[in-house]
Amino acid sequence: MSSETAVTPTNFIRNIIIQDLETGKHDGIITRFPPEPNGHLHIGHAKSICLNFGVAAEFGGRTNLRFDDTNPLKENEDFMLAIMEDVRWLGFEWDELLHASDYFQQLYEYALHLIKTGKAYVEELSAEEIREYRGTLKKPGRESPYRDRPVEENLDLFERMKAGEFADGTLALRARIDMASPNINMRDPVVYRIRNASHHRTGDEWHIYPMYDWAHGISDAIEGITHSLCTLEFEDHRPLYDWFLDNIPAPCHPRQIEFARGNLDYTVMSKRRLRELVEEGLVNGWDDPRMPTLAGLRRRGFTPEAIRAFWTEMGVSKADSIIAMGVLENAVRSDLNVRAPRTMAVLDPVKVVLTNFPEGETEWLEAPVHPQDEAMGTRKVALTREIWIERGDFMEDPPRKFFRMKPGGEVRLRNAFIVQCNDVIKDEQGEITELHCTFDPDTRSGMPGASRKVKGTIHWVSAEHGRPVEIRLCDRLFTVPNPLGEKGRDYREFLNPHSLDVIQNAIVEPHVADGAAGDFYQFERTGYFCHDNVDSKPGRPVLNRIVTLRDSWARIEKEMAQAGKN
RNA sequence: UGGGACGUCGCCAAGUCGGUUAAGGCACGGGGUUUUGAUCCCCGCAUUCGCAGGUUCGAAUCCUGCCGUCCCAGCCA
């Protein structure tokens with residue numbers, strides 16, 4: 001069971017597809033998710049994954065996972081494996097697993113066709129010269145002196161490039177389009193470059209590698225992709241995408257449609273930035289629970305159901321946007337709320353002695369695993385004379401609206417009974433070490449007096465039975481909404497020093513300490529937590545805080561503090 | 001006058017070809033339920049669609065002009 005809604009919000013891409021199906025342009029649709037295996041997937045990729053797989057599934061179509069592996073210098077097998085794991089974890093299974101490198105031979109033959117039809121030539125200008133000849137955004141470019149090289153010569157040179165006769169960067173194959181085009185992508189783009197490098201899949205077979213623009217559209221066409229969905233920055237490439245397919249005997253002509261990337265505030269999403277964070281040791285790897293990578297979110301405890309629901313709620317458009325992190329967090333809360341077993345855990349313990357509770361005895365209480373879902377059953381909770389409660393749940397001199405424990409006041413112990421605080425014991429420093437309380441046996445859960453109302457209910461754990469665990473309080477990675485947008489400042493300056501606070505000895509109910517990776521809980525009144533899938537080991541449990549509960553009391557406190565200042 | 005795109009409530013976002021009252025979610029405010037100040041349930045929340053004109057009986061939707069934001073000068077993707 002999950003909280004995912006069945007609602008499919010409409011969007012412009014979906015509308016295009018519906019139209020193409022209705023007009024008979026297509027009988028069925030095929031999409032693809034085409035990552036370059038040069039890094040890890042992040043929450044932004046999840047948007048594309050959900051879109052591509054989601055829309056195909058909705059209309060009975062298919063979706064391929066295709067690795068865009070045209071640059072052997074940056075890509076490797078490990079990234080491929082990690083990406084496959086991430087896509088599957090998100091809940092999607094591809095129809096075919098493919099690679100741009102599967103098409104290297106076909107791509108090469110199409111290039112031959114382009115040369116033979118006089119639409120491509122071998123360039124001898126250096127990369128720097130090409131840049132000069134390209135012109136600028138406002139000024140047209142100049143034609144290369146090699147632009148009118150005879151076909152036979154082009155064929156010969158290209159053949160020898162392929163054979164590995166030339167050094168990297170000496171020659172390149174260029175499409176012969178229009179050096180004066182206002183669209184720079186059309187100014188004779190490079191189609192093939194020489195890379196005497198080993199490719200992780202094709203080994204040393206190739207010495208030339210196709211550029212993205214050449215490989216992508218053709219790969220789409222070979223696979224019979226009907227709708228090639230990509231992000232906004234490729235809008236300017238669409239004329240080139242179309243030009244290539246129009247100038248080769250392509251099996252079909254997919255339609256490229258661009259949509260806006262999904263950005264989030266309080267984080268960074270570009271591969272470059274994420275890589276820097278990892279390589280500079282600012283986080284503990286790609287799967288650091290604070291990272292927006294799917295590996296990080298998974299370790300943090302975000303569920304695939306929540307991420308999918310989040311992206312379908314957010315929709316797809318062409319407007320640049322930065323989504324509030326709170327919206328994602330909320331999607332996680334609503335998914336976990338219906339599924340997470342409840343338990344009590346004390347993060348910052350202070351001891352309470354129930355002075356009228358018999359010494360050395362344990363009373364086993366029955367508590368629901370989920371208050372709104374009886375099917376989840378009950379659990380036994382041990383109550384003893386000494387228990388732990390949250391330090392923040394006691395105030396010696398509380399404000400008016402404080403409903404928790406205070407001297408002389410009554411408060412309910414969750415799943416147990418009402419207690420009254422009689423004594424506050426402190427050490428020489430004035431630090432509270434113990435609270436002495438008496439309980440009212442008539443108010444025990446299940447007893448007639450249980451219905452007596454008190455304002456507050458607090459959670460607790462038996463001092464004798466509770467078990468210590470390490471808890472990592474995950475929070476936003478940055479202290480500002482847009483760390484990259486602060487002019488004149490480096491984004492690293494805004495790393496949140498409290499993005500990963502560690503609590504060494506929090507106290508949990510025994511079964512939580514015995515849990516394993518993949519187990520998650522709601523610590524009542526505190527938040528959602530899960531076992532860290534890397535560091536949590538039997539005998540040494542480590543839990544991550546996935547997300548806090550909504551906390552209107554925190555808001556009230558903040559307002560009161562604010563009011564006090566003013 | 002390089003080219004391409006986008007601007008609807010604090011954050012997302014419906015709103016295809018103009019037709020009486022501008023979806024929905026999150027956030028927010030108010031109320032109710034509650035042994036989680038959680039959840040859940042009600043109610044409220046854009047006379048207004050970047051701005052200014054124009055066309056029209058009627059425009060967020062059409063036209064014109066401004067303004068703002070993003071993308072493009074890798075032999076990266």
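Numbered from 1 within each chain, the chains take letters A, B, ... in sequence-line order.
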Would you tell me if any nitrogen or oxygen in the side chain of A/S317 comes within less than 4.0 Å of OP1 or OP2 on B/rC6?
no
Closer than 4.0 Å, any side-chain N/O of A/R193 to the OP1 or OP2 of B/rA77?
yes
Which one is paired to B/rC75, where only Watson-Crick or G-U wobble pairs with both distances under 3.5 angstrom count?
none
If you check every side-chain atom of A/K74, which of B/rC76, B/rC6, B/rC72 has the closest atom?
B/rC76
Under 4.0 angstrom, heavy atoms only, what part of the nucleic acid is A/R412 near: base, sugar-phosphate, or nothing?
base
Any sub-3.5 Å donor-acceptor pair from A/S334's side-chain atoms to A/A331's backbone N or O?
yes
Polar side chain donor-acceptor pair, A/Y133 to A/E128, under 3.5 angstrom
no
Is a side-chain donor-acceptor pair under 3.5 Å present for A/E233 with A/T231?
yes
OP1, OP2 of B/rG37 versus side-chain N and O of A/R404: anything below 4.0 Å?
no
So, is B/rG74 syn or anti if syn means the angle is within 90° of 0?
syn
Using centres under 5.5 Å plus planes under 30 degrees as the test, is A/Y212 stacked with B/rA77?
no
Can you check whether any acceptor in the base of B/rU36 is under 3.5 Å from a donor in the side chain of A/Q522, or vice versa?
yes
I'd like to know whether CZ of A/R379 has more than 12 heavy-atom contacts from other residues, nucleotides or ligands below 6.0 angstrom.
yes
